[in-house]
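The block underneath contains the structure these notes are about, expressed in structure tokens.
Labels below follow one simple rule: chain letters A, B, ... track the order of the sequence lines, proteins then strands, and each chain is numbered from 1.
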Number of protein chains: 2
Amino acid sequence: MWYYVDPHSGVPIYVQLKEQVKKAVASGLLKEGEQLPSVRELALRLTINPNTVYKVYQELEREGIIETARGLGTFVALKKQKDAALQEAALDRALENLMVEAYQLSVDSKTLKEQFLKKLANWKERLRKGDEDNDMGN
Amino acid sequence: MWYYVDPHSGVPIYVQLKEQVKKAVASGLLKEGEQLPSVRELALRLTINPNTVYKVYQELEREGIIETARGLGTFVALKKQKDAALQEAALDRALENLMVEAYQLSVDSKTLKEQFLKKLANWKERLRKGDEDNDMGN
DNA sequence: ATCACTGTACTATATCACTAATACACCCCT
DNA sequence: AGGGGTGTATTAGTGATATAGTACAGTGAT
């Protein structure tokens with residue numbers, strides 16, 4: 001389906017793949033309980049090593065995003081509520097990174113705000129519908 | 001002044017330092033034209049190798065954030081306008097990352113919006129004043 | 001001219017991240 | 001019991017990261 005990877009991009013393969021899975025889950029492309037491709041199948045499709053896929057799945061499991069079962073497969077985990085304090089701190093960090101990025105790009109606060117609101121609305125829309133016809137992976 | 005680094009944190013020293021400088025510039029802690037500590041001085045203070053600091057400065061120069069002059073020192077560069085198309089694409093990526101982060105943290109869209117606006121106001125405030133008494137580095 | 005400061009360049013080396021190859025272990029179905 | 005699917009473990013090779021030492025090169029002041 002989606003997922004692609006560039007071994008020469010400089011950023012580690014497992015990081016690329018991990019980001020894509022996270023994005024797919026967050027955007028509703030992968031729903032709770034849904035099964036992910038097997039380690040081998042995905043490795044074959046992306047022409048990478050099964051261990052690389054395994055590493056991705058392992059890290060995502062540590063982060064509570066997916067769950068793996070030996071002999072059965074890998075599935076999107078049920079979303080759990082995080083600790084409030086951690087949540088706040090992490091969000092603050094993420095927002096601060098955004099501000100730094102925006103500054104470096106010389107984006108003025110007005111367009112930053114506009115684009116943010118636009119993206120937020122867009123995101124809520126994505127989560128609402130099933131989202132079959134999404135163009136993420138291409 | 002600020003700047004600290006943890007060799008055991010897993011993330012490369014030069015990445016840590018680079019992020020801090022970028023943040024300092026973006027938040028107005030370091031103003032345009034201001035001189036940064038010399039390669040040697042900073043290396044001594046952080047107990048790291050001068051080459052590591054040099055690498056940071058070199059990469060930041062490539063990104064147009066600072067400028068170096070042999071024999072003189074290293075200075076915060078004048079902010080330049082980026083290409084509009086690149087700017088838009090990069091901002092979009094940053095915003096998308098933020099959305100993924102927020103989803104993983106189970107932050108609802110309402111608080112996300114609130115916190116964003118709060119941070120944005122805060123940031124504008126930081127840039128307005130000189131910002132002596134900032135607690136970033138601790 | 002000399003000195004004391006700046007950035008820059010090379011080489012060597014140790015360690016660890018990343019990826020790969022291969023083999024092992026578990027689960028379900030027939 | 002066996003086969004074919006799953007995740008998991010072990011080992012190893014390659015390259016990036018960081019350290020260290022040493023040397024070079026430009027700038028401004030004395």
Atom pair distance, as rounded to whole Å: CD in A:Gln58 and P in C:dT19: 14 Å
Give a yes/no on whether any side-chain N or O of B:Thr68 is located under 4.0 angstrom from OP1 or OP2 of C:dG7. no
In whole angstroms, how far is the C1' atom of C:dC18 from the NZ atom of A:Lys18? 14 Å
Taken to the nearest whole Å, CD/B:Glu67 to C1'/C:dT6 is 16 Å
Atom-to-atom span, CD of A:Glu59 to C1' of C:dT19 - whole angstrom: 14 Å
For a quick test of reading the model: is some side-chain N or O of A:Ser38 closer than 4.0 Å to OP1 or OP2 of D:dG5? no
Distance in angstrom units between A:Leu44 CG and D:dT6 C1', rounded: 15 Å
Over how many whole Å does the gap from A:Gln16 atom CD to C:dA17 atom P extend? 19 Å
Applying side-chain contact (heavy atoms from CB on, under 4.5 Å) to B:Lys118 and not counting sequence neighbours gives B:Gln115
Contacts of B:Asp92 that satisfy side chain to side chain donor-acceptor pair (under 3.5 Å) - sequence neighbours left out: A:Lys119
Take nucleotides 18-30 of chain D nucleotide by nucleotide from the 5' end and write B, S or -, depending on whether a protein heavy atom sits under 4.0 Å from the base, only from the sugar-phosphate, or from neither. SSBB---SBSS--
Any residue meeting side-chain contact (heavy atoms from CB on, under 4.5 Å) with A:Leu44, in chain and number order, not counting sequence neighbours: none
Distance, rounded to the nearest Å, where B:Tyr57 contributes OH and C:dT6 contributes P: 11 Å
Within the pair A:Thr74 and D:dG7, is there a side-chain N or O less than 4.0 Å away from OP1 or OP2? yes
C:dA20 phosphate, OP1 or OP2: any side-chain N/O from A:Tyr54 under 4.0 angstrom? no
Only counting residues at least two apart or in another chain, list the ones meeting salt bridge (Lys or Arg N to Asp or Glu O under 4.0 Å) with B:Glu59. B:Lys18
Taking 4.0 angstrom as the limit, do A:Glu96 and A:Arg93 come out as a salt bridge? no
Could you tell me the separation between the NE2 atom of A:His8 and the C1' atom of D:dG15, rounded to a whole number of Å? 14 Å
Less than 4.0 Å between a side-chain N and a carboxylate O, is that true for A:Lys23 and A:Glu19? no
Name all residues meeting the ring-ring contact (aromatic ring centres under 6.0 Å, His included) criterion together with B:Phe116; count only those two or more places apart in sequence or in a different chain, and write none if there are none. A:Phe116
